[in-house]
Amino acid sequence: MVTILAVHIKRHQEALATLAFPVLMALLALLFAPQQPASNLSPDFDFELIDLGYGSLTQQELELEIPLPFEPDVEIVPDIAVITEPEIPPADKWQSYQIKRNDTLGSILQKIDVDEASRRFLVSQKLSSYRKLRAGRPIYYKLAEDGELLALRYKTSPELHLNFIRAEDGNMEVTETAPVLSTAITVKQAQITEQNNSLFAASDNVRIPDGAIQQVIDALETRIDFVRDTRVGDNFAVVYEEYTDEDGDSAGPGQVLGLRYVNRGEEVLGLRNPTDGGYYDEQGVSLQRAFLKSPLKFSRISSKFSLRRFHPILKKWRSHRGVDFAAPTNTPIRSTADGVISYIGKKGGYGNVVMIEHFGKYLTLYGHLNKFASKIKRGSKVSQGQVIGYVGSTGLATGPHLHYEFHNNGKQVDPLSAKVPTRKPPLTDQSLQDFIIATKEVREMLNGADGESGLASTNS
């Protein structure tokens, strides 16, 4: 038995030696530890703390980390922790709630703890604003200290606000009203770059509203094809009205009053004439041509006008007296000018085709259509930009595209380089003088340029 014990001790001798060292160090730490202030805890509690191995932790730390084994007579609050209460919004102050996906007015009123009477009243009202709750938009509200709803406002759109108000006598009223808007004149400039290589990307980069840029496109659409003509290095400036509501929030852009676009080094300046709403250059010549640059808003040119082209289906050389615009099937096709439909139907290799006569001198042809627009027929009058059909691949076509031709006095010419008249006659005499006076401030804003771009500085 003694022999077995000796063997066991020898086998675990090394482990015992390893265990003895930390025990010895702990005893030395206790012997030489600095004197602690007298504890106000019970002797039993002090003994348990040491027995658990917490050594010389301070009483404050012990109180934080060790649960008390008894209920103290007084509450012990650690003095190293800062306890902060949630901030309570002051009564009768505007607060806001951001609308979440699938929120309804009823669920929103519950989430913000509106009183039951106000909630029932609001939900019972049948207003169009309730169907236009948009995720991400805020609803503003005021609550009394007891949760009674004092006021609520939701901006359905820049032109329409939902308003709830509680009168002093407790009566509740809810209305949909148009806000009172303030107007400021803003000028901003931008440049087409490698990173912002489209008109919309460049304008977004300097926070020009899409509504203002769309007006620029409409004004210059007959002069510049913003899909194919824009190049890195193009720059532009826009002077436009900017609306704000009574809270100072943006309510969107108003009219574009002036614009300057430099495309491939060539400058186009446009000033809005308050008399007719058209855009003219400084000499009173209209920017808007009688024909659009393209019958499709978004497309690419797959084949240009040529007197000698190898036909992909007929496999022989022949002239191609038009321009092919590649685009997906059913892309809308627009009439490039005001006119009257002279032919609609099938026409040999053109497939489904529409032909339109303009101003007694010009004719445009649109071929390979998949289908025609509704309510148009031979003899129908069409306006510039009106949809007349949809891209297809009927007739001799290898894929969906639009074949577009331009005829001047019966002769087929290149639509991309054809000289066309302006849509409006130039201003003369008194109308020109009135135009110059009316647009003086806008011209100065556009011409107040610095740097190489020659554009007005941004003021926002």
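All values derive from a computational prediction rather than experimental measurement.
To the nearest 0.5 Å, atoms CG (Leu402) and CG (Asp324) are separated by 8.0 Å. Here the CG-CZ distance, from Leu446 to Phe236, works out to 12.5 Å after rounding to the nearest 0.5 Å. Note: Tyr350 OH to Leu365 CG = 5.0 Å, rounded to the nearest 0.5 Å. With rounding to the nearest 0.5 Å, the separation of CG in Leu150 from NZ in Lys93 is 12.0 Å. With rounding to the nearest 0.5 angstrom, the CD1 atom of Ile139 is 6.0 Å from the CG atom of Leu152. Separating the NZ atom in Lys371 from the OG1 atom in Thr394 is a distance of 13.0 Å, to the nearest 0.5 Å.
Of the charged side-chain nitrogens involved, none lies within less than 4.0 Å of a carboxylate oxygen, so that Asp234 and Arg264 do not count as a salt-bridged pair.
By the 6.0 Å contact criterion, CD on Glu441 is open, its count of non-hydrogen atoms from other residues, nucleotides or ligands being 12 or less. More than 12 non-hydrogen atoms from other residues, nucleotides or ligands lie less than 6.0 angstrom from CD of Glu116. Counting heavy atoms of neighbouring residues, nucleotides and ligands inside a 6.0 Å radius, atom CZ of Arg378 does not exceed 12 of them.
Pairing each heavy atom of Glu282 with each of Asn447, the nearest pair is OE2-ND2, 3.9 Å. Contact between Arg119 and Val114 at its shortest, heavy atoms only, is NH1-O, 2.7 Å. Between Ser335 and Ile388, the shortest heavy-atom distance links the atoms CB-CG2, 4.1 Å. In terms of heavy atoms, Leu133 sits closest to Thr104 at CD1-C, 3.8 Å. Closest non-hydrogen pair, Ala202 versus Ile192, comes out as CB-CD1, 3.9 Å. In terms of heavy-atom proximity, Val442 sits nearest to Leu271 at CG1-CD2, 3.9 Å.
Sorted by first then second residue, the ring-ring contact (aromatic ring centres under 6.0 Å, His included) pairs that include residues 97-119, not counting sequence neighbours, number zero. Applying the side-chain hydrogen bond (donor to acceptor under 3.5 Å, both in side chains) test to pairs two or more places apart or on separate chains, those with a residue in residues 194-216 are Gln214-Asp218. Within the structure, ring-ring contact (aromatic ring centres under 6.0 Å, His included) contacts touching residues 179-229 (residues at least two apart or in different chains) are Phe226-Tyr261. Among residue pairs with one or both ends in residues 100-113, those qualifying as salt bridge (Lys or Arg N to Asp or Glu O under 4.0 Å) are Asp103-Lys111; sequence neighbours excluded.
Side-chain contact between Val413 and Glu405 is absent, with no heavy-atom pair separated by less than 4.5 Å. In this structure, the side chains of Leu105 and Tyr154 stay at 4.5 Å or more apart for every pair of heavy atoms. Using a 4.5 Å heavy-atom cutoff, the side chains of Val391 and Leu296 are in contact. The side-chain heavy atoms of Val174 and Phe121, taken from C-beta on, include a pair separated by under 4.5 Å. No side-chain heavy atom of Gln95 sits less than 4.5 Å from a side-chain heavy atom of Lys142. The closest side-chain heavy-atom distance from Leu109 to Val123 is below 4.5 Å. Leu287 places a side-chain heavy atom less than 4.5 Å from the side chain of Val268. Between Tyr243 and Pro253 the shortest side-chain heavy-atom distance does not fall below 4.5 Å.
Counting only distance, with no hydrogens or angles, the side chain of Asp281 and the backbone of Val285 share a donor-acceptor pair below 3.5 Å. Proximity of a side-chain donor or acceptor of Glu241 to a complementary backbone N or O of Gln255 within less than 3.5 Å is detected. Remark: side-chain polar atoms of Asn408 are not paired, donor with acceptor, to backbone N or O of Lys411 under 3.5 angstrom. In this structure, the side chain of Arg166 engages the main chain of Leu149 through a donor-acceptor pair within 3.5 Å. Formation of a donor-acceptor pair under 3.5 Å by the Asn263 side chain with backbone atoms of Glu266 is not found in this model. For His401 (side chain) and Gly399 (main-chain N/O), a donor-acceptor pair under 3.5 Å exists by modelled atom type.
In terms of the side-chain hydrogen bond (donor to acceptor under 3.5 Å, both in side chains) criterion, Lys347 has no residue partners (sequence neighbours excluded). Partners of Thr336 by side-chain hydrogen bond (donor to acceptor under 3.5 Å, both in side chains), not counting sequence neighbours, listed by chain and number: Tyr366, Tyr404. In this view, Glu221 and Arg334 satisfy the side-chain hydrogen bond (donor to acceptor under 3.5 Å, both in side chains) rule, not counting sequence neighbours. Under the salt bridge (charged side-chain N to carboxylate O under 4.0 Å, His left out) criterion, Asp434 pairs with no residue at all, not counting sequence neighbours. Every residue two or more places apart in sequence or in another chain was checked for a ring-ring contact (aromatic ring centres under 6.0 Å, His included) with Phe164, and none qualifies. Legend: residues meeting side-chain hydrogen bond (donor to acceptor under 3.5 Å, both in side chains) with Arg423, ordered by chain and number and at least two apart, are Gln384. Partners of Tyr280 under the ring-ring contact (aromatic ring centres under 6.0 Å, His included) rule, at least two apart in sequence or in another chain, are Phe435.
In this pair, Phe406 and Phe291 present their aromatic rings perpendicular. The plane angle is above 60°, beyond the 30 to 60° band.
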Starting from the C-alpha separation in whole Å, work towards a yes-or-no answer on side-chain contact (heavy atoms from CB on, under 4.5 Å) for Ile99 and Ile108. CA-CA 8 Å; Ile99 300 172; Ile108 292 170; 4.1 Å; yes
Walk me through whether Lys293 and Arg223 qualify under side-chain contact (heavy atoms from CB on, under 4.5 Å). CA-CA 7 Å; Lys293 289 275 285 186; Arg223 300 287 297 271; 5.8 Å; no
Candidate pair Glu242 and Thr186, rule side-chain hydrogen bond (donor to acceptor under 3.5 Å, both in side chains), full reasoning: CA-CA 7 Å; Glu242 191 166 32; Thr186 300; 3.0 Å; yes
Begin from the C-alpha positions of Gln283 and Leu432 and carry the test side-chain contact (heavy atoms from CB on, under 4.5 Å) through to its verdict. CA-CA 8 Å; Gln283 287 71 46; Leu432 178 59; over 6 Å; no
CA sep, side-chain torsions, deciding dist, call: Ile341, Val382, side-chain contact (heavy atoms from CB on, under 4.5 Å): CA-CA 7 Å; Ile341 295 177; Val382 293; 4.1 Å; yes
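For the side-chain contact (heavy atoms from CB on, under 4.5 Å) with Tyr279, the lone residue among Leu220, Leu269, Val256 that qualifies is Val256.
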Quiz: residues 351-363 side-chain donor-acceptor pairs under 3.5 angstrom, not counting sequence neighbours:
from, atom 1, to, atom 2, distance (Å)
Asn352, OD1, Lys346, NZ, 3.2
Asn352, ND2, Leu369, O, 3.1
His358, ND1, Asp338, O, 2.7
His358, NE2, Ile356, O, 3.3
His358, NE2, Thr364, OG1, 2.8

